[in-house]
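These notes are about the structure you will find just below.
A, B, ... follow the sequence lines: proteins, then strands. Residue 1 opens every chain.
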Number of protein chains: 2
Amino acid sequence: MSTLAGRIEAYLKRLIESDREGQIEIRRCDLAESFQCVPSQINYVLETRFTPEKGYIVESRRGGGGYIRITSLELRRSIDLASSLYRQIGREIDEERADSLLTKLAEAGSIDQRRATLIRAAIRRELNSVDPAWRPYVRAMLLRSMLLVVMA
Amino acid sequence: MSTLAGRIEAYLKRLIESDREGQIEIRRCDLAESFQCVPSQINYVLETRFTPEKGYIVESRRGGGGYIRITSLELRRSIDLASSLYRQIGREIDEERADSLLTKLAEAGSIDQRRATLIRAAIRRELNSVDPAWRPYVRAMLLRSMLLVVMA
DNA sequence: GGACATTTGACGTTTTTTGACCAAACTGGC
DNA sequence: GCCAGTTTGGTCAAAAAACGTCAAATGTCC
């Protein structure tokens, strides 16, 4: 994937993935400048790699203050889930609360029993090598992440 | 067996066998150049020696940045890609390696593309609030945990 | 000589890159 | 408020970069 178009695509996807909203705004001329290519190359990348079928929405505006906005529907949808998980779990969580949350989710059918068990075991194993003082934070992170990919 | 086709076949097989995943990517024009033959000779070799019945998959792309990819089904199976990749994570991992690992898993069908994107995004976002010095460790933990629950 | 395999080259398709020209949106003077 | 000029992004077609197909020519082995 060593084509210009491929590199631009990868760059944009990275930007989008690290954005909290799964959405970015760029200026076509800036991007073209930083990749040393003609501006229309950017349109080519957008048309071939960021189509609705591939889960992206591209909006733009011309004129002064113009921009190109790219939204990943996939990530957009996961935002809600992520923030709801963050509300339930928070920045840190102790083992007991993590445990009961998993039990609740399994009972509610949001995740299956097998995965709940798997998540408990994974957390316990990973925390082994973590300084006890940090465990509540790391536990929260792991729990949030695993639940996100399982429930999405 | 000292025909041109035979020598090209032997050369490609040597390359494939020395690749850890039993897969190589070449450029038809380069190969033709180095064997001093017409490009279509390469197609002849592929059609007669690297067929599915003989255990190979050949994929290709035209246009700028085009390539020909040959995969040996046998070598691929023997490695058990998913678990071998999983073991490759280790105690710490940088962003680039994590990225390419996810790409490979998605290509191999071990996880779907949608989840790969989700995992990348989740890792990036969680790491935002982590001291850069610890990121490789935390990244490894998150990646391992999320892969565990999605591949299970 | 016939059957089969190999080699070559002309022509075709797909994907990427580039550039000339077009259209919309903002800005500032009147 | 309107017009002219500037600032952006959009379109489209040609050129370039790869790979694919097919059939004719050539070799090889009974």
Indicate, with a heavy-atom threshold strictly under 4.0 Å, whether [X] touches base, sugar-phosphate, or nothing.
X: B:Ile42; value: nothing
X: B:Tyr67; value: sugar-phosphate
X: B:Gly66; value: sugar-phosphate
X: B:Leu4; value: sugar-phosphate

Identify which nucleotide among C:dT8, D:dG9, C:dT17 has an atom closest to any side-chain atom of B:Val38, counting heavy atoms from C-beta outward. C:dT8

For a 4.5 angstrom cut-off between non-hydrogen side-chain atoms, does B:Leu118 reach A:Leu75? yes

Tell me the interatomic distance from [X], atom [atom1], to [N], atom [atom2], rounded to whole angstroms.
X: B:Phe35; N: C:dT7; atom1: CZ; atom2: P; value: 11 Å
X: A:Ile26; N: D:dG10; atom1: CD1; atom2: P; value: 9 Å
X: A:Ile68; N: C:dA25; atom1: CD1; atom2: P; value: 14 Å
X: B:Tyr44; N: D:dG27; atom1: OH; atom2: P; value: 15 Å
X: A:Glu47; N: D:dA13; atom1: CD; atom2: P; value: 13 Å
X: B:Arg27; N: D:dG20; atom1: CZ; atom2: C1'; value: 17 Å
X: B:Gln41; N: D:dA25; atom1: CD; atom2: P; value: 18 Å
X: B:Arg49; N: C:dT7; atom1: CZ; atom2: P; value: 8 Å

Between A:Arg61 and C:dC26, is there a side-chain N or O to OP1/OP2 distance below 4.0 Å? yes

What's the shortest heavy-atom distance between A:Arg139 and A:Ile93, and which atoms? NH1-O, 2.7 Å

Note: A:Glu95 and A:Arg124 closest approach over all heavy atoms is OE2-NE, 3.8 Å

[atom1]-[atom2] distance between [X] and [Y], expressed to the nearest 0.5 angstrom:
X: A:Asn128; Y: A:Glu126; atom1: CG; atom2: CD; result: 9.0 Å
X: B:Arg76; Y: B:Ile16; atom1: CZ; atom2: CD1; result: 11.5 Å
X: B:Glu47; Y: B:Asn43; atom1: CD; atom2: CG; result: 6.0 Å

Does a distance-only test, which skips hydrogens and angles, find a donor-acceptor pair under 3.5 Å between the side chain of [X] and the base of [N]?
X: B:Arg28; N: D:dG20; result: yes
X: A:Arg62; N: C:dA23; result: yes
X: A:Ser40; N: C:dG19; result: yes

Quick one: on DNA chain D, does B:Cys29 or A:Asn43 contact a more 5' nucleotide (nearest heavy atom)? A:Asn43

Please say yes or no: joined through hydrophobic side-chain contacts below 4.5 Å, possibly via intermediate residues, are A:Leu12 and A:Tyr67 part of one cluster? no

Taking the axis from the first five pairs and the axis from the last five, what angle separates them in the helix from C:dG1-D:dC30 to C:dC30-D:dG1, rounded to 10 degrees? 10°

With nearest nucleotides of DNA chain C determined for B:Cys37 and B:Gly65 from heavy-atom distances, which residue corresponds to the more 5′ nucleotide? B:Cys37

By nearest nucleotide on DNA chain C, pick out whichever of A:Gly63 and A:Thr48 is the more 5' one. A:Thr48

Scan side-chain atoms only and decide if B:Ser110 and B:Arg115 contain a donor-acceptor pair under the 3.5 Å cut-off. no

